[in-house]
K.L.:
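Take this structure, written in structure tokens, and hold onto it; I'll ask about it next.
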Amino acid sequence: MKSNKSIQKWLSVLLLFTSLVSFSQKKIWDETKAEKKERMAWWTDARFGMFIHWGLYAQPARHEWVKSKERMSNEDYQKYFDVFNPDLFDPTDWAKQAKAAGMKYVVITAKHHEGFNLFDSKYTDYKATNTPYGKDILEEWVSAFRAEGLKIGFYYSLFDWHHPDFTIDIKHPLRYPQHSNGPERIAANKNPKIDQYYKEVNKGRDLKKYQNYLHNQVREILTNYGKIDIIWLDFSYPHLPFGKGREEWDSERLIKMVRELQPHILVNNRADLDEYWGGWDFITPEQHIPESWPEENGEKAYWETCATFSGSWGYYRDEISWKTNRHLLSMLIETTSKGGNLLLNVGPTARGTFDYRAENALEKIGDWMRVNSRSIYGCTQAPKSWKAPKGTMLTFNAKTNRLYIHIMDYKTNGIRLSNAFGKVKYAQFLHDASEVNFVKYWKPEHADDIILRTPALKPNVEIPVIELILE
Ligand code: GLC
């Protein structure tokens, strides 16, 4: 067994090492942790936002990756550009629906991987203003959403399947015919024909020119639309054959520019700058909620799960795996209970409307949020001393000192909360402020516990919440 002294020695070496690592962390800009916390505060309070994936892919209506999945050339895809005319587009209606669902911020795809721009860019003709619709969608969108008091964000795809200088790679619609994203790519890579193919097909393409285009467009969207609260850059794949990352995007320079243009802006983590301080603000688990509050560099990270109502981000007419209201609410509660945010996606139709299934889902979330949002806004993971009773999830508001018990599996005969005796001033259901009586647990071995007397009948809310006002 090691002596105490040698353990101490090891610990101090470890401490020195970790402080050296954090000291030597590369920096994109100067900001203290406290300043970052303050900059992020509106977002951590908000907890809930909307993602909007909208582009030409709404017309094929079979996934936003359709161009790549079906290996369409620019010519094949042109028909969608030629007829794009969302005549029913009413951004105020969208904004009202987001707001009524309880969402506080909204991120829209200014450009997705297909390369089509919702905005009027100086640097391309491939934009909404040149379609039959003829207007700058981003401009209309921004003013409507701002008017409803929502924070606004732009998603911008780092890669581009339309730009003539973007080099063809494994994700591109024109990739090597047998080159897939699946596990078989490893085997396929060993095929020398593949190298040859990419060499040939990329002749005349100048990635540096694309890099300039990307930087110019990010500058445009962060200059021409006033204050932007979030930028969501998507994504890097340097580890894949012929993949792209920080070098190809020149991410360091890109993020520095973003910070200069909009110093308050929040940046997601997909520009391949993981180890840079300031290279990103929050991490972005996709379509899943982490088991526990995720950590980066040994510290709890700011994080946001992005997820779809059903299996695709863009409008997908025939997709049927729509999540239930209960499932969606439980995702929101779970992310909050682990200190994270939820960005829930709508893929509008090519007429410019929300799909009826998305509208229904938003409405039901709104019904719950209208009376229960106090357990979400400004809330986070409960302090360790509180243990969630079986079948429940906890959230906590440090400012108001209130604890929230979300009853996922309703039980009539009471809920036992450990180590709570003497710590609770008052308990009530959140949706109707009706008192929930509680008593000290009678078993001597659990004398510190209380039993909350839940009524026989489950209240008429999808997931009832008990609010505890703490001593
Ligand atoms: C992925 C997909 C994309 C979607 C995004 C949302 O990166 O490529 O279609 O926009 O995830 O997180």
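Quick note: residue numbers are just sequence positions, from 1. Just so you know, these numbers use all the heavy atoms, side chains as well, and skip hydrogens, waters and symmetry mates. No experiment lies behind these values; they were computed from the predicted model shown.
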K.L.:
Quiz question: by atom type and distance under 3.5 Å, do the side chains of Q217 and Y123 form a donor-acceptor pair?
P.N.:
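No, Y123 and Q217 have no side-chain donor paired with an acceptor closer than 3.5 Å.
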K.L.:
Atom CH2 of W94 and atom CE of M50: how far apart are they, to the nearest 0.5 Å?
P.N.:
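If we round to the nearest 0.5 Å, W94:CH2 and M50:CE are 9.0 Å apart.
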K.L.:
Apply the test side chain to side chain contact (heavy atoms under 4.5 Å, CB included) to residues I221 and I228: give CA-CA distance (whole Å), side-chain angles for both, the deciding distance (0.1 Å), then the verdict.
P.N.:
CA-CA 9 Å; I221 56 175; I228 306 304; over 6 Å; no
K.L.:
Centroid separation under 6.0 Å, is that true for the rings of F235 and H113?
P.N.:
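Yes, the ring of H113 comes within the 6.0 Å limit of the ring of F235, centre to centre.
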K.L.:
Test your reading of the model: is there a side-chain donor-acceptor pair from H172 to the backbone of I170, 3.5 Å cut-off?
P.N.:
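Flag not set: sc H172 to bb I170 has no pair under 3.5 Å.
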K.L.:
What I want to check is whether the side chains of T284 and N269 have a donor and an acceptor closer together than 3.5 Å.
P.N.:
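There is such a pair between these side chains.
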K.L.:
Hey, are the side chains of F429 and I466 touching, using non-hydrogen atoms and a 4.5 Å cut-off?
P.N.:
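F429 vs I466: side chains touch.
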K.L.:
What distance do H163 atom NE2 and L214 atom CG have between them, rounded to the nearest 0.5 Å?
P.N.:
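Interatomic distance, H163 NE2 to L214 CG, rounded to 0.5 Å: 9.5 Å.
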K.L.:
So, Y80 versus F116, ring centres under 6.0 angstrom or not?
P.N.:
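No, the ring centres sit 6.0 Å or more apart.
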K.L.:
Quick one: do the W232 and E304 side chains pair a donor with an acceptor below 3.5 Å?
P.N.:
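There is such a pair between these side chains.
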K.L.:
Should E275 and R246 count as an ion pair when the cut-off is N to O under 4.0 Å?
P.N.:
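A salt bridge links E275 with R246.
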K.L.:
Would K36 pass as a cation-pi partner of W29, given that its NZ or CZ must be under 6.0 Å from the six-membered ring centre and within 45 degrees of the axis?
P.N.:
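No, K36 and W29 do not form such a contact.
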K.L.:
Test side-chain hydrogen bond (donor to acceptor under 3.5 Å, both in side chains) on Y155 and D234; report intermediate values, then the result.
P.N.:
CA-CA 7 Å; Y155 167 111; D234 196 35; 2.6 Å; yes
K.L.:
Verify, without hydrogens or angle tests, whether E296 (side chain) and A301 (backbone) share a donor-acceptor contact under 3.5 angstrom.
P.N.:
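Not confirmed, E296 side chain does not pair with A301 backbone.
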K.L.:
For the residue pair E220 / N216, report whether a side-chain donor-acceptor contact shorter than 3.5 Å exists.
P.N.:
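No, no side-chain donor-acceptor pair sits under 3.5 Å.
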K.L.:
Which distance, rounded to the nearest 0.5 Å, do you find between the CD of E462 and the CE of M408?
P.N.:
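Answer for the CD-CE pair, E462 versus M408, is 9.0 Å.
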K.L.:
Looking at Y126 and L56, what are the two nearest heavy atoms and their distance?
P.N.:
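Taking every non-hydrogen atom into account, OH-CD1, 3.4 Å.
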K.L.:
Might you confirm whether atom CZ of R317 has over 12 heavy atoms from other residues, nucleotides or ligands at distances under 6.0 Å?
P.N.:
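Atom CZ in R317 is not packed in, count stays at 12 or less.
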K.L.:
When you measure from the side chain of W368 to the backbone of I463, do you find a donor-acceptor pair of N or O atoms at a distance under 3.5 Å?
P.N.:
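Yes, because the side chain of W368 sits within donor-acceptor range (under 3.5 Å) of the backbone of I463.
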K.L.:
Between the side chains of K37 and T44, does any donor sit under 3.5 Å from an acceptor?
P.N.:
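Absent: no donor and acceptor within the cut-off.
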K.L.:
So with a 6.0 Å cut-off around CG of D30, is the heavy-atom count from everything else above 12?
P.N.:
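It does not: D30 CG has 12 such atoms or fewer within range.
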K.L.:
Decide side chain to side chain contact (heavy atoms under 4.5 Å, CB included) for N268 and L233; before the verdict, give the C-alpha distance in whole Å, the side-chain angles of both, and the deciding distance to 0.1 Å.
P.N.:
CA-CA 7 Å; N268 74 328; L233 300 167; 4.0 Å; yes
K.L.:
In terms of side-chain heavy atoms, does E148 have a donor or acceptor partner in T92 at a distance below 3.5 Å?
P.N.:
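The criterion, which ignores hydrogens and geometry beyond distance, is not satisfied for T92 and E148.
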K.L.:
Looking only at non-hydrogen atoms, find the nearest pair between E64 and S312 and report the distance.
P.N.:
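Residues E64 and S312, closest heavy atoms: OE1-OG, 3.5 Å.
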K.L.:
Does R402 come within less than 4.0 Å of E467, counting only side-chain N to carboxylate O?
P.N.:
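Between E467 and R402 there is a salt bridge, with a charged N closer than 4.0 Å to a carboxylate O.
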K.L.:
Taking C-beta and beyond as the side chain, do D136 and Y225 meet within less than 4.5 Å on heavy atoms?
P.N.:
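Yes; the side chains approach each other to less than 4.5 Å.
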K.L.:
Check this for me: does any side-chain nitrogen of one of E35 and R39 sit under 4.0 Å from a carboxylate oxygen of the other?
P.N.:
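Salt bridge flag = no for R39 with E35.
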K.L.:
Could you tell me whether the side chain of K104 and the main chain of K151 form a donor-acceptor pair under 3.5 Å?
P.N.:
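Flag not set: sc K104 to bb K151 has no pair under 3.5 Å.
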K.L.:
Could you go through the side chain to side chain contact (heavy atoms under 4.5 Å, CB included) check for W303 and T335 one step at a time?
P.N.:
CA-CA 9 Å; W303 67 278; T335 50; 3.7 Å; yes
K.L.:
Side chain of S157, backbone of D160: donor and acceptor closer than 3.5 Å?
P.N.:
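No; judged by distance alone, with no hydrogens or angles, the pair does not exist.
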K.L.:
Scan Y315, F89, F354 and name whichever one has a ring pair (Phe, Tyr, Trp, His ring centres under 6.0 Å) with W54.
P.N.:
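Testing each of Y315, F89, F354 against W54, the sole residue satisfying ring pair (Phe, Tyr, Trp, His ring centres under 6.0 Å) is F89.
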K.L.:
Would you find a donor on one side and an acceptor on the other, under 3.5 Å apart, between the side chain of Q211 and the backbone of E248?
P.N.:
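Here the side-chain-to-backbone pair exists.
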K.L.:
For atom CD of E70, is the number of surrounding heavy atoms from other residues, nucleotides or ligands below 6.0 Å larger than 12?
P.N.:
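For E70, atom CD is crowded (more than 12 foreign heavy atoms under 6.0 Å).
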K.L.:
Do the side chain of N117 and the main chain of G115 share a donor and acceptor less than 3.5 angstrom apart?
P.N.:
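Yes, the answer is positive, given that a donor and an acceptor are paired below the 3.5 Å cut-off.
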K.L.:
Within a strict 4.5 Å, meaning less than it, do heavy atoms of the W141 and I52 side chains meet?
P.N.:
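Yes - at least one pair of side-chain heavy atoms lies under 4.5 Å apart.
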K.L.:
Kindly check if the number of other-residue, nucleotide or ligand heavy atoms within 6.0 Å of CG (D318) is above 12?
P.N.:
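Yes, enclosed.
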K.L.:
Any chance you could measure R62, atom CZ, to E319, atom CD, to the nearest 0.5 Å?
P.N.:
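It comes to 14.5 Å.
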K.L.:
Does a side chain donor of either Q196 or K199 reach within less than 3.5 Å of an acceptor in the other side chain?
P.N.:
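No, no side-chain donor-acceptor pair sits under 3.5 Å.
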K.L.:
Side chains of R47 and S373: do they bring a donor and an acceptor to under 3.5 Å?
P.N.:
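No, because no side-chain N or O of R47 sits under 3.5 Å from a partner of the opposite role on S373.
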K.L.:
Check whether NZ of the Lys or CZ of the Arg K67 lies under 6.0 Å from the centre of the six-membered ring of Y77 and within 45 degrees of that ring's axis.
P.N.:
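Yes; both conditions hold, so K67 lies above the ring face of Y77.
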K.L.:
Within 45 degrees of the axis of the six-membered ring of F159 and under 6.0 Å from its centre: does K171 put its NZ or CZ there?
P.N.:
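Pair K171/F159 does not count as cation-pi.
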K.L.:
Could you tell me whether W42 and Y105 have their ring centroids closer than 6.0 angstrom?
P.N.:
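So the answer is yes for these two rings.
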K.L.:
Before you tell me yes or no, could you show the steps for N372 and Y404 under side chain to side chain contact (heavy atoms under 4.5 Å, CB included), namely the whole-Å CA-CA distance, both residues' side-chain angles and the distance that decides it to 0.1 Å?
P.N.:
CA-CA 10 Å; N372 289 295; Y404 297 94; over 6 Å; no
K.L.:
Would you indicate whether E295, at its atom CD, is surrounded by more than 12 heavy atoms from other residues, nucleotides or ligands within a distance under 6.0 Å?
P.N.:
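Counting neighbours around CD of E295, more than 12 heavy atoms of other residues, nucleotides or ligands fall under 6.0 Å, so yes.
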K.L.:
Check whether any side-chain N or O of Y198 sits under 3.5 Å from a backbone N or O of Y176 as a donor-acceptor pair, and report yes or no.
P.N.:
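Indeed, once roles are kept as given, a pair shorter than 3.5 Å links the two residues.
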K.L.:
Measure the spacing between OG of S375 and CG of N397 and express it to the nearest 0.5 Å.
P.N.:
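S375 OG to N397 CG: 10.0 Å, rounded to 0.5 Å.
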K.L.:
Does the side chain of I28 come within less than 4.5 Å of E252's, by heavy atoms?
P.N.:
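Contact flag for E252/I28 side chains = yes.
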K.L.:
Short question: side chain of D169, backbone of G243 - any donor-acceptor pair under 3.5 Å?
P.N.:
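Answer holds: no.
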K.L.:
Give a yes or no answer on whether the side chain of T392 reaches the backbone of A388 with a donor-acceptor pair at less than 3.5 Å.
P.N.:
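Here the side-chain-to-backbone pair does not exist.
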K.L.:
Does N130 reach the side chain of K127, with side-chain heavy atoms less than 4.5 Å apart?
P.N.:
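Yes; the side chains approach each other to less than 4.5 Å.
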K.L.:
State, yes or no, whether a side-chain contact exists between N325 and I365 at a heavy-atom distance under 4.5 Å.
P.N.:
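Side-chain contact under 4.5 Å: yes.
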K.L.:
Considering only NZ, NE, NH1 and NH2 on the basic side and carboxylate oxygens on the acidic side, decide whether K256 and E260 come within less than 4.0 Å.
P.N.:
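Between E260 and K256 there is no salt bridge, as every charged N stays at least 4.0 Å from the carboxylate O atoms.
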K.L.:
Is NZ or CZ of K244 both nearer than 6.0 Å to the six-membered ring centre of F166 and within 45° of the ring axis?
P.N.:
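K244 over F166 ring: yes.
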K.L.:
Is it true that, when you exclude K209 itself, more than 12 heavy atoms of the residues, nucleotides or ligands shown sit nearer than 6.0 Å to its NZ?
P.N.:
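No, the 6.0 Å shell around NZ holds no more than 12 heavy atoms from other groups.
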K.L.:
Considering all heavy atoms of both residues, which atom of Y377 and which atom of A46 are nearest to each other, and what is their separation?
P.N.:
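Between these two residues, the closest heavy atoms are CD2-O, 3.4 Å.
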K.L.:
Using side-chain hydrogen bond (donor to acceptor under 3.5 Å, both in side chains), reason through H264 and Q262 one step at a time and then give a plain yes or no.
P.N.:
CA-CA 6 Å; H264 56 274; Q262 305 258 356; 3.2 Å; yes
K.L.:
Taking atom CD of E140 and atom NZ of K135, what is their separation to the nearest 0.5 Å?
P.N.:
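The distance works out to 4.5 Å.
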K.L.:
Does the side chain of W161 come under 3.5 Å of the side chain of S68 through a donor N or O and an acceptor N or O?
P.N.:
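Absent: no donor and acceptor within the cut-off.
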K.L.:
Looking at R259 and E31, does any basic side-chain N land under 4.0 Å from a carboxylate oxygen?
P.N.:
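Salt bridge: no.
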